[in-house]
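Here is the naming used below: chain letters follow the sequence lines, and residue numbers restart at 1 for every chain. From a predicted model like this one, the values you see are computed outputs, not experimental measurements.
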Amino acid sequence: MNRQDFPIFKNHSKLIYFDSAASSHKPQSVLDSIMDFYAKGYSNVHRGNYTLSEYATDLFEAARKDVATFIGADHEEIIFTSGTTDSINKLAASLKPLIGNAAIVTTVMEHHSNFLPWQQLARQNESLFRIVNIDDNFRLRLNELYDYVESDRPRVVALTQMSNVTGTINPIKEIIARIRQINPETIIVVDAAQSVPHMKVDVKDLDCDALAFSGHKIFAPTGIGVLFVKKSLLAKLTLTVFGGGMINKVERLNASWANYPTSFEAGTPNIEGVVGLQAAIKYVESIGFDNIIKHENELSKYFVDMIAKIDGVKIFGPINMADRGPVFSFAVNNIHPHDLATMLNEYNIAVRAGHHCAQILHREIFKVAASTRVSLSVYNTKDEIDALADAIINIKNKFKR
Amino acid sequence: MDIYRENLIDHYNNPRNFGEMSKCDASKEVENISCGDAIKMQIKVKDRVIKDIKFKGEGCAVAMASASMLTEKMIGKSIEYVLTFSFDDLQKLLGVELSPSRIKCANLSLEALKSAINTLTAKAN
């Protein structure tokens, strides 16, 4: 469905794009929004006392409201960043004085961008750093997580809503409720980079303290991301990036700051990115998550039916469709992922080969250096999965000894 | 262009000079962290000539075939010849043009071989 909305496929009509978990393609409406903005309404925001700047500022702040509504937040709780990586790094740095040397808990299924900022913060603060493991079904060991929360009294628990490797969707709402029961002081940070394109995410419903996602994985341009932080926590964060636009009064030896979220957005923001993100959200809403989920679940089921049955294929993720997203990492016996990806490219099939920014998961849990990953989106079809299955079988034959 | 010609697959499936020497003059293992490929080269050298090479490792077909072909090519050559052997030369040896994302794979074995020789000359100095 919706393939016709994406101009990339007009220019690459045979392209089978299975790498949306890395970055999605952009619908025409998102491209148009950026063109229109530059052609009809561009200027810097928050500064000029002229019509265009006021127009751009209104547009920018209206987009913030739309983003807030999209995830069930208040617009003051939306900080624009360059992406999930930037969001989490900023948050970790801003939390440093607040959490002191309290323990930090994360999980082995995190993308490096929700792992390294915490690992490094723990090193700087000389605090305990715990990594929750997964079980044989590629699900988080929740008891291990709750045990850490109880015994180590961490100030931060950072975890993903959906793994970019296994596709596992964590029961975030249930996890947060349980953590709050054990220790209400815990700050719970959710990486929603993978989940936001595929399911309705509501920060109030989840009751998380912070949540991050990237625009470019949800049909928006690169270089725009979101950091949601609950108001009660925003007031306690330390500012770490200083410059234009985030101040109230600057004196020789001191300065005071603008209100949040502006105080967290030093420098000219990525205005076109925000405009594009707004258009991307409108695009997602025009399809509706019910339809997206239905389509992607059907494709996922079909993927498992067609690919998992190929002799020598091993999927590193839940086979059961419940609580899993349309991301599949797998191994094919005797064929290195890089060879497989290069050879699939000959069939115009774009897949990802590597550790997908989750080295520990690959090295220690899967016991492989790399895997091949297929991720599905609104523009993928069953025919494309058929083509993939045929291609894998052909490639296997070519490598036969 | 399909880089996986029969010759390359053959070297991957039946690597030449694969294994380990109990005694060698120099040895070096090089790893490509991004994909986990690792190639170890062991060499025997006499009068600045490569007398024998054995390689071991794990990797993609490009990395393994490159190592296999390289060992065949270099046994009997002077160490100067090996040290001046460029990536372009290696590509000619492989008979394929590699895309940027695969250059590292092919180059791993050449890097390991040159490093092994360099440890030898470092020792001599």
*Determine whether more than 12 heavy atoms belonging to other residues, nucleotides or ligands lie under 6.0 Å from atom NZ of A/Lys314.*
no

*Interface residues of residues 369-377 of chain A facing chain B - heavy atom cut-off under 4.5 Å*: A/Ala369, A/Ala370

*What residues of residues 329-344 of chain A sit under 4.5 Å from chain B when only non-hydrogen atoms are counted?*
A/Asn334, A/His336, A/His338, A/Asp339, A/Thr342, A/Met343

*Check whether the side chains of B/Ser27 and B/Gln42 place a donor and an acceptor atom closer than 3.5 Å, and report yes or no.*
no

*Tell me yes or no: between the side chains of B/Asn107 and B/Lys104, is some donor less than 3.5 Å from an acceptor?*
no

*Can you name the residues of residues 47-71 of chain B that have some heavy atom under 4.5 Å away from a heavy atom in chain A?*
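Within residues 47-71 of chain B, near chain A: B/Gly59, B/Cys60, B/Ala61, B/Val62.
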
_Is the positively charged end of A/Arg3 above the ring of A/Phe9, judged by distance under 6.0 angstrom from the centroid and angle within 45° of the axis?_
yes

*Quick one: are the ring centres of A/His25 and A/Phe219 less than 6.0 Å apart?*
no

*Is it the backbone or the side chain of A/Lys400 that comes under 4.5 Å from a heavy atom of chain B, or both, or neither?*
backbone

*asked:* My understanding is that only residues two or more places apart in sequence, or in another chain, count here; which of them pass salt bridge (Lys or Arg N to Asp or Glu O under 4.0 Å) with A/Arg141?
replied: none

*Derivation and outcome, ring pair (Phe, Tyr, Trp, His ring centres under 6.0 Å), residues B/Tyr12 and B/Tyr4*: CA-CA 10 Å; B/Tyr12 175 57; B/Tyr4 295 90; 8.7 Å; no

*Taking A/His355 for its side chain and A/Val368 for its backbone only, find out whether a donor-acceptor pair lies under 3.5 Å.*
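A pair under 3.5 Å: no.
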
*Do side-chain atoms of A/Ser214 reach the backbone of A/Thr84 as a donor and acceptor pair under 3.5 angstrom?*
yes

*With salt bridge (Lys or Arg N to Asp or Glu O under 4.0 Å) as the test, would you mind laying out the steps for B/Lys40 and B/Glu31 before giving the verdict?*
CA-CA 9 Å; B/Lys40 181 180 170 185; B/Glu31 201 184 347; over 6 Å; no

*Any Lys/Arg nitrogen of A/Lys90 or A/Asp86 sitting under 4.0 Å from an Asp/Glu carboxylate oxygen of the other?*
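Yes, A/Lys90 and A/Asp86 are salt-bridged.
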
_Criterion salt bridge (Lys or Arg N to Asp or Glu O under 4.0 Å) on B/Arg16 and B/Asp10, from CA distance to verdict_ = CA-CA 10 Å; B/Arg16 329 292 198 257; B/Asp10 177 50; 2.7 Å; yes

*Hey, can you tell me if A/His362 and A/Phe366 have their rings parallel, tilted or perpendicular (30° and 60° cut-offs)?*
perpendicular

